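Only one structure is covered here, and it is reproduced in the block below.
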Number of protein chains: 2
Amino acid sequence: MEKKVTIYDLAKRLGVSPATVSRSLNDHPSISLKTKSKVMLAAEETGYRINKFASNLSLQKSNTIGVIVPKLNSDFMSTVLSGIEKIANDAGYNLIISQSLESEEKEKFNTKTLFESGVDALLVSLANETKTYDHFNTFTNRKIPLLFFDRVINIPDCPTIIIDNLRAGYDATKHLLDQGCRNIMHITHGLNRSAYYQRYVGYKKALDEVKLFEIENLLVLDQFNSREIDSVIAKITASPEPIDGLFVTNDTFAVYCIKALLKAGYRIPDDIKIIGFNNDPVSEVINPELSTIEYPGYRMGVLAGQSILSHLNGSINIESADQILLKHQLIIRQSSRKTTN
Amino acid sequence: MEKKVTIYDLAKRLGVSPATVSRSLNDHPSISLKTKSKVMLAAEETGYRINKFASNLSLQKSNTIGVIVPKLNSDFMSTVLSGIEKIANDAGYNLIISQSLESEEKEKFNTKTLFESGVDALLVSLANETKTYDHFNTFTNRKIPLLFFDRVINIPDCPTIIIDNLRAGYDATKHLLDQGCRNIMHITHGLNRSAYYQRYVGYKKALDEVKLFEIENLLVLDQFNSREIDSVIAKITASPEPIDGLFVTNDTFAVYCIKALLKAGYRIPDDIKIIGFNNDPVSEVINPELSTIEYPGYRMGVLAGQSILSHLNGSINIESADQILLKHQLIIRQSSRKTTN
DNA sequence: ACTAATTATGCAATCGGTTACATAGTTTTT
DNA sequence: AAAAACTATGTAACCGATTGCATAATTAGT
């Protein structure tokens, strides 16, 4: 069992004061080179490690960034996190990651513990359930940088990073219309989150443009899990006007749909054309390959990290809340291709 | 800008000592109910929040668990993390997550920063590159609980959580043999990590049993990324004896293989039967559906979390290093089905 | 050689909670 | 009613690093 060694131990060993040791270790200019190297050597020899608790307490900062996401295990989210981690780590920050599991309750709890843990900044992608935002006041009141990404809410002075969801929803729907679809069903998550709501608005806008707003056909799902597939198929088969297009705001679920529809005897894209969202790896695996909207997850993570770091470094005026809008991209594959007949 | 309120502020406000405040907030038995509720009320009113830095410094613990994984954005790893997070969070622990990106250098660095951050325990899945393990000494020397999962190394007193990789490799290979394959290629990651090495041993063992050890056919890849696919196809087409089976230790890559082979004109499973590893969601999306080995990621995460928590609570004798072996399961799908001809 | 400027180091307070030990106030015991 | 046993609270040291200010040691200036 190694004993813990502190700057006091080093000080005693070298016959200097703890202050000198501290300054040496932090490369303070007013310490002579000779002393510095003496200290460094002793630190090396004794296996000295700084005690961050003490340091943090003294400096009032933790070099830690908190992250709250709805769910760790989705391709999109883990990709975003990977980007955040890369940037944070390279800058010497640690990342405390927690998941809300789409629960407002848990999001509040996590916000509280992360605050108490003294994170220097907080990055959040909101739970679908969340309807109140007071729990973030602890951060805004103390002017601790707070940033929202993907699932955002507008709070004064809090930057947001999103894609143009309205436009993306419009593009996806417009594409299906261009391919000849006339009765497009929109399958999406709770519209409580603006990301999803905006896609819906885009969907409607595209329909409106071709005077198809009457046959808007919306299906909102609680989760995007495979158990919900039956209700989808039921709704499609029960439709008085046959559904000929599907805009699903999640690739994984779109893939479930394709599989279920094929099984039910529908031809894709001949009978029903489908477009998903996110450009998850699965979209290229399914047959027919899934058209989708490319959502730049890694870049989003990197930008979120960089944005929050520049706030922490003060290189950006904290007052100037910025909104970063990433470009999405329509990716056309087989699942929505117009069939020549 | 809210001012920070400390136990000293509360003490002054209530005319008691900071010690009383501290004890009240921690529900210490020797404080009268009247005083306790007075303190709690005041804490509520003033918006008091404990300062974890101070608390941690005093208590010498952080309620934080460190995690190092090779890569955040894989379905398997994010699922494991999700399980760990669930357990840790429910027990009031925060999770600091970092990724080594398969680099020994970065793994060392992360180990150091996590140590300095004062994590109460460390969970590690090793980078593929890692060949030395001294960087974990800081933890073992101080008897800070250290656990390895999935990609493990045996260090005295450090529990490990794995599946029986040898058996899994054997099962996968045996299955292909049972389906009639006689020239099975094994595509895997660097054999430096025992997880992969054991699968390879299992593969060989199955071949040995049917006296096929002569035509062992091994392909080791650095990464499992799509750029390596060409070399795979090249090796398969160049084989003097036609390859009729493929055991790939990663579903995602197995899926790439299927797509490339189909494109190259091979019929699956007729010409080549394929089995993957992990039971990633993609395995059910590809056509033909991919046979695979079910790897219980979420359970692994949950068990890793529980194991480390019990060590922290001292409810398990720290000296008794345990090894948890999870059951895998052979999942047979279309990609390896014997064709009746 | 003597003062001024510069460089290197130490002193001591501070960050905010925790807790062993001491003490004052109450209740129980005999 | 005095001693014993609790109960409730306060005192003060401690956790380990940081840093403004003071001071000692060295060098430069005239």
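None of the values given here were measured: they were computed from a predicted structure. Throughout, protein chains are lettered first and strands after them, A, B, ... in sequence-line order, and every chain is numbered starting at 1. As a basis for the values below, the full set of heavy atoms in this structure was taken, side chains included, without hydrogen atoms, waters or symmetry mates.
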(request) Return yes if a side-chain donor-acceptor contact under 3.5 Å exists between B/S32 and B/T35, otherwise no. (result) yes

(request) May I have the distance from A/N56 (atom CG) to D/dC15 (atom P), rounded to whole angstrom? (result) 18 Å

(message) Base, sugar-phosphate or nothing for B/F53? Non-hydrogen atoms, less than 4.0 Å.
(response) nothing

(message) Whole angstroms only, please: what is the CD-C1' distance between A/Q60 and D/dG16?
(response) 14 Å

(request) Assign each of A/V5 and B/A19 to its nearest nucleotide of DNA chain D by heavy atoms, then name whichever residue's nucleotide is nearer the 5' end. (result) B/A19

(message) Using five pairs at each end of the helix from C/dA1-D/dT30 to C/dT30-D/dA1 to define an axis, what is the angle between those two axes, to 10°?
(response) 40°

(message) Once you apply a heavy-atom cut-off of 4.0 Å, does B/S22 come out as touching a base, just sugar-phosphate, or nothing?
(response) base

(request) Please work out if A/I7 contacts a base, only the sugar-phosphate, or nothing of the nucleic acid, heavy-atom cut-off 4.0 Å. (result) base

(request) Ignoring hydrogens and angles, tell me if any N or O in the side chain of B/S103 forms a donor-acceptor pair with the backbone of B/E105 under 3.5 Å. (result) yes

(message) Whether the A/N94 and A/T64 side chains hold a donor-acceptor pair (N or O, under 3.5 Å, no angle test) is what I'd like checked.
(response) no

(message) Distance check needed: D/dA8 P versus B/H28 NE2, whole Å only.
(response) 12 Å

(message) Measure CZ/A/R23 against P/D/dT18 and give the value in whole Å, please.
(response) 11 Å

(request) Specify the separation, in whole Å, of atom CG of A/L57 and atom P of D/dT19. (result) 12 Å

(request) Pick base, sugar-phosphate or nothing for B/V16, based on heavy-atom distances below 4.0 Å to the nucleic acid. (result) sugar-phosphate

(message) For B/F148 together with B/F136, are the ring centres under 6.0 Å from each other?
(response) yes

(message) Regarding B/L25, tell me which of base, sugar-phosphate or nothing describes its non-hydrogen contacts under 4.0 Å with the strands shown.
(response) nothing

(request) Report yes if a side-chain nitrogen or oxygen of A/Y8 is closer than 4.0 Å to either non-bridging phosphate oxygen (OP1 or OP2) of D/dC14; otherwise report no. (result) no

(message) Need one value for B/S32: base, sugar-phosphate or nothing, where a base atom within 4.0 Å counts as base even if backbone is also close, heavy atoms only.
(response) sugar-phosphate

(request) Report the distance from atom OG of A/S82 to atom CE of A/M77, rounding to the nearest 0.5 Å. (result) 13.0 Å

(message) Any base atoms under 4.0 Å from B/G15, or only sugar-phosphate, or nothing? Heavy atoms, all strands.
(response) sugar-phosphate

(message) Between the side chains of B/E107 and B/K131, is the shortest nitrogen-to-carboxylate-oxygen separation below 4.0 Å, so that they form an ion pair?
(response) no

(message) Is a donor from one side chain sitting under 3.5 angstrom from an acceptor on the other, for B/Q60 and A/K4?
(response) yes

(request) Indicate whether the side chain of A/T132 and that of A/E104 have a donor and an acceptor atom separated by less than 3.5 Å. (result) yes

(message) Tell me whether the side-chain N/O atoms of A/K52 come closer than 4.0 Å to OP1 or OP2 in D/dA17.
(response) no

(request) For B/N26, answer base if it contacts any base atom (sugar-phosphate contacts may also be present), sugar-phosphate if it contacts only those atoms, and nothing otherwise; contact means non-hydrogen atoms under 4.0 Å. (result) sugar-phosphate

(message) Would you say A/T20 and A/S17 are linked by a side-chain donor-acceptor pair, where the criterion is simply a distance under 3.5 Å?
(response) yes

(request) Shoot me the first and last contacting nucleotide of DNA chain C against chain A, ordered 5' to 3', at under 4.0 angstrom to non-hydrogen atoms. (result) C/dA8 to C/dG16

(request) Write down the distance between CD1 (A/I31) and C1' (D/dT19), rounded to a whole number of angstrom. (result) 12 Å

(message) Less than 3.5 Å apart, any donor N or O on the side chain of A/N110 or B/N89 sitting next to an acceptor on the other?
(response) yes

